Amino acid sequence: MNILAPSMLSIDFGNIERDLNEVYNAGANTIHVDIMDGAFVPNISFGPPVLKYVRKILPDAFLDVHMMVQEPSRYFKHMAEAGADNITFHYEATTDVDRDISLIREMGLRVGMSIKPATPVSVLAPYIDKLDQILIMSVEPGFGGQSFMPEAFDRLREARRMAEPYGVDVEVDGGIYLDNVRDILDAGANMIVTGSAVFKGNITDNVKSFLSILNEKM
Ligand code: DX5
Ligand code: ZN
C-alpha cells in the first residue's frame, strides 16, 4: 500500500492545530514527525511535548516518528509515552542496532531504521527481517526544502529488492514534490514523506493531488 506521510517540520507553527486537522481531513492519516537534536544533525526541531500535542489533536492518526538524534534509545520511552506509533532511528546514530530494534519492539511499536545519503543500502540487510520499514534519505537530514538527490533512485531500487521478500515498507524522505513523486514510486518507495510540498500553499489541494498519484500507482 502507498502511504503519504506529511512532515510537520514545514508546518506553520503558529497554527499547528488548524493545519494538522486540514492535512488529516484531506485524507493523510499518517503524520511524519521529525525529531532533531542539534548533534546528529545541525538543526533542532522539537521533542516529546510537541509529539504529545500532535497526538492530542489527532488521536487516530498514525504518528511516524523520525529520530535524527544521537544515541536515540535514550528517548524511545519518551516517544512511546508521547504517542508514537512508529519509531525510526538512524543506523549512523546508534552504537547497538539490535538493542534498539528490541527496545522499540518491546514497547509494541513499529520499528524503522534510516540511512543518510552516504551510507550504503547494504548495511540494512542484516536487520531487514526485524524491521517494519526502512527510510532512505533523499537529502542530507536536517532541513526541509532541499532538493531530491538523484542517486536516491538507485538506492530505492536496491532497498525495494531487499525489503520486498519480508514485506517491509520502503520510505523516502526529502525533496519530494508532485513532479517527481511518480518516478520515486516507480523506483520502489511506498511511503512518501513530504514537508514543503504539502504545507506550503493550499494544504487540502496538495494532499489530494499527492493522494491521487499514490492511489493510481497502487
Ligand atoms: C529532513 C526531514 C524531512 C523534511 C522533508 O531532515 O527528515 O522529513 O521535513 O522536507 P521536504 O519535503 O521539504 O524536503
Ligand atoms: Zn523526516
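From a predicted model like this one, the values you see are computed outputs, not experimental measurements. First listed ligand is number 1; within each ligand, the first listed atom is number 1. Note: hydrogens, waters and symmetry copies are ignored here, and every other heavy atom, side chains too, is used.
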- Message: We want to know whether Thr88 and Asn86 form a side-chain donor-acceptor pair, criterion being a heavy-atom distance below 3.5 angstrom.
- Response: yes

- Keeping the roles fixed (side chain from Asp37, backbone from Gln70), state whether a donor-acceptor pair exists under 3.5 Å. yes

- Verify the distance criterion only: is there a donor paired with an acceptor across the side chains of Asp100 and Thr94 at less than 3.5 Å? yes

- List nothing but the number: protein N/O/S atoms under 2.8 Å from the Zn ion (ligand 2). 4

- Message: Any carboxylate oxygen within less than 4.0 angstrom of a Lys/Arg side-chain nitrogen, looking at Asp205 and Lys208?
- Response: no

- Those protein residues which place at least one heavy atom below 4.0 Å from ligand 1: Ser7, Leu9, His32, Asp34, Met36, His66, Met68, Met137, Pro141, Gly142, Phe143, Gly144, Gly145, Asp173, Gly174, Gly175, Val193, Thr194, Gly195, Ser196

- For Gln146, all residues meeting side chain to side chain contact (heavy atoms under 4.5 Å, CB included), sequence neighbours excluded: Val139, Glu140, Phe143

- Message: What I want to check is whether the side chains of Thr30 and Asp64 have a donor and an acceptor closer together than 3.5 Å.
- Response: no

- Item | Close aromatic pair by centroid cut-off 6.0 Å: Phe148 and Phe153 | yes

- Message: Going by side chain to side chain donor-acceptor pair (under 3.5 Å), name the pairs with one or both residues in residues 54-63, residues two or more places apart or in two chains.
- Response: Arg55-Asp85

- Item | Arg155/Glu151 under salt bridge (Lys or Arg N to Asp or Glu O under 4.0 Å): CA gap, chis, key distance, verdict | CA-CA 7 Å; Arg155 292 165 61 74; Glu151 308 88 281; over 6 Å; no

